Amino acid sequence: MPQLPLLKHTEVLRQRLPLAGATVADVGCGDGGLVRVLARGGAWVIGIDPGPQQLARAQAAEPAGDEVYLCALGEALPLPEACLDTLVYFNALHHVPVAVQGAALAEAARVLRPGGLVYVQEPLAEGDYFELLRPIEDETEVRARAYDALKAGADGRLRETEEFRYRAPFRVKSVEAFLSGLIAVDPARRPAVEAAEKSLRQGFLAAAEQRDGAFWFDIPSRLNLLRRN
């Protein structure tokens with residue numbers, strides 16, 4: 001099997017999404033890093049996340065435009081119908097509980113204008129980084145169910161226009177940043193991370209490539225692009 005192309009996530013996104021003048025929601029926005037990328041591209045962006053701690057980090061960062069943030073769930077978006085040009089799930093759909101992943105995509109269809117786009121980037125359940133995290137939280141099943149939800153297309157309201165697989169470079173500045181990042185994404189992981197800290201450190205150092213004063217992984221990834229009917 002040929003190796004997947006190595007591309008930055010932002011490169012893949014910019015090739016596919018018209019941003020200038022667009023109204024975009026980033027659902028599961030975390031600390032707002034992608035929100036700021038989208039805003040710098042000329043979009044008006046709403047960052048949405050269910051985690052108050054993550055949103056506090058996003059709101060404390062230097063804004064890139066006039067982006068705003070809302071605390072909400074993907075399956076219950078506080079937005080009117082047909083108000084968005086694009087809705088993004090970036091490394092986030094598999095974090096939506098399996099039972100409501102379909103409902104979250106139905107909400108995406110509701111808030112999109114006809115012809116609007118749903119951009120879903122998901123990490124694949126494979127690769128060194130996935131295996132490193134697997135003892136802490138094995139996401140094989142939830143990632144598979146998120147893919148099933150995508151293929152269902154919100155009961156026909158969304159149609160897939162592209163599926164693209166690639167490897168994305170992922171930079172981590174230190175082992176400590178890696179460990180703290182695991183907990184920041186999901187504070188419930190703290191006991192497991194602390195219990196496995198020694199093996200996580202060893203595994204991280206063994207699997208990562210060191211260059212430019214940092215640690216690097218290639219993350220096998222998949223983009224699914226869907227359009228609102």
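What you see is a predicted model; the values in this text were computed from it and never measured.
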Chemist: Would you list the pairs meeting ring-ring contact (aromatic ring centres under 6.0 Å, His included) in which at least one residue belongs to residues 209-229, sequence neighbours left out?
Modeler: Y129-F217, F204-F215, F204-F217

Chemist: Please check if atom NZ in K151 has more than 12 non-hydrogen atoms from other residues, nucleotides or ligands closer than 6.0 Å.
Modeler: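 Yes - once you tally the heavy atoms of other residues, nucleotides and ligands closer than 6.0 Å, there are more than 12.
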
Chemist: Should the pair R211-E209 be classified as a salt bridge under the 4.0 Å nitrogen-to-oxygen rule?
Modeler: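 Yes, R211 and E209 are salt-bridged.
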
Chemist: Output all residues satisfying side-chain hydrogen bond (donor to acceptor under 3.5 Å, both in side chains) with Y166, sequence neighbours left out; order by chain, then residue number.
Modeler: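 H9.
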
Chemist: Going by atom types only, do N91 and E122 share a side-chain donor-acceptor pair under 3.5 Å?
Modeler: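 Not at all, the side chains of N91 and E122 share no donor-acceptor pair under 3.5 Å.
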
Chemist: Could you tell me if the side chain of T161 sits less than 4.5 Å from the side chain of L226, heavy atoms only?
Modeler: no

Chemist: Measure the spacing between CZ of R145 and NE2 of H94 and express it to the nearest 0.5 Å.
Modeler: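 NE2 of H94 is found 14.0 Å from CZ of R145.
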
Chemist: Please tabulate, for side-chain N and O atoms in residues 102-110, each donor-acceptor pair with protein atoms closer than 3.5 Å (sequence neighbours left out).
Modeler:
residue: E107; atom: OE1; partner: R110; partner atom: NE; Å: 2.5
residue: E107; atom: OE2; partner: L77; partner atom: N; Å: 2.8
residue: E107; atom: OE2; partner: R110; partner atom: NH2; Å: 3.2
residue: R110; atom: NH1; partner: L79; partner atom: O; Å: 3.0
residue: R110; atom: NH2; partner: L77; partner atom: O; Å: 3.2
residue: R110; atom: NH2; partner: L79; partner atom: O; Å: 2.9

Chemist: Just jot down the side-chain hydrogen bond (donor to acceptor under 3.5 Å, both in side chains) partners of E137, sequence neighbours excluded, or say none.
Modeler: R189

Chemist: Please report the shortest heavy-atom distance between L84 and A25, naming the atom on each side.
Modeler: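 Minimum heavy-atom contact is CD1-CB, 3.5 Å.
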
Chemist: For Q202, enumerate each residue passing the side-chain hydrogen bond (donor to acceptor under 3.5 Å, both in side chains) test, keeping only those at least two apart in sequence or located in another chain.
Modeler: none

Chemist: So which heavy atom on D85 is nearest to which on A22, and how close?
Modeler: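 Smallest interatomic distance, heavy atoms only, reads OD2-CA, 3.5 Å.
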
Chemist: I need the full list of salt bridge (Lys or Arg N to Asp or Glu O under 4.0 Å) pairs touching residues 59-79, with sequence neighbours left out, sorted by first then second residue.
Modeler: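 Matches after skipping sequence neighbours: none remain.
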
Chemist: Name all pairs fulfilling the salt bridge (Lys or Arg N to Asp or Glu O under 4.0 Å) condition that reach into residues 45-58, sequence neighbours left out, sorted by first residue then second.
Modeler: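 Qualifying pairs, neighbours excluded: D31-R57.
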
Chemist: Shortest non-hydrogen contact from L93 to A146?
Modeler: CD2-O, 3.9 Å

Chemist: Which heavy atom of L87 sits nearest to which heavy atom of L112, and what is that distance?
Modeler: N-CD2, 3.9 Å

Chemist: Taking all atoms of both residues into account, what is the closest heavy-atom pair of G65 and A39, and its distance?
Modeler: N-CB, 4.2 Å

Chemist: Grouping I, L, V, M, F, W and Y whenever their side-chain heavy atoms are under 4.5 Å apart, do I136 and V175 come out in a common cluster?
Modeler: yes

Chemist: Not counting sequence neighbours, which residues clear salt bridge (charged side-chain N to carboxylate O under 4.0 Å, His left out) with D138? List them please.
Modeler: R134

Chemist: Can you list every salt bridge (Lys or Arg N to Asp or Glu O under 4.0 Å) pair that touches residues 9-25, not counting sequence neighbours?
Modeler: R16-E162

Chemist: With a 4.5 Å limit on heavy-atom distance, are the side chains of N224 and Y147 in contact?
Modeler: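 N224 vs Y147: side chains touch.
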
Chemist: Quick one: salt bridge (Lys or Arg N to Asp or Glu O under 4.0 Å) pairs with a partner in residues 165-178, sequence neighbours left out?
Modeler: E163-R165, R167-D218, E176-R201

Chemist: Could you pull out all residues at least two apart from N229 that satisfy side-chain hydrogen bond (donor to acceptor under 3.5 Å, both in side chains)?
Modeler: R159

Chemist: Kindly work out whether a path of hydrophobic side-chain contacts (I/L/V/M/F/W/Y, heavy atoms less than 4.5 Å apart) joins L34 to Y89.
Modeler: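 Cluster IDs for L34 and Y89 differ.
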
Chemist: So, for F130 and E139, which heavy atoms are closest and what is the spacing to 0.1 Å?
Modeler: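 Looking at all heavy atoms of both residues, the shortest contact is CE1-N, 4.1 Å.
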
Chemist: Mind jotting down which residue pairs meet the ring-ring contact (aromatic ring centres under 6.0 Å, His included) criterion with at least one end in residues 26-46? Sequence neighbours excluded, please.
Modeler: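 Matches after skipping sequence neighbours: none remain.
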
Chemist: Is any side-chain heavy atom of L133 less than 4.5 Å from a side-chain heavy atom of F178?
Modeler: yes

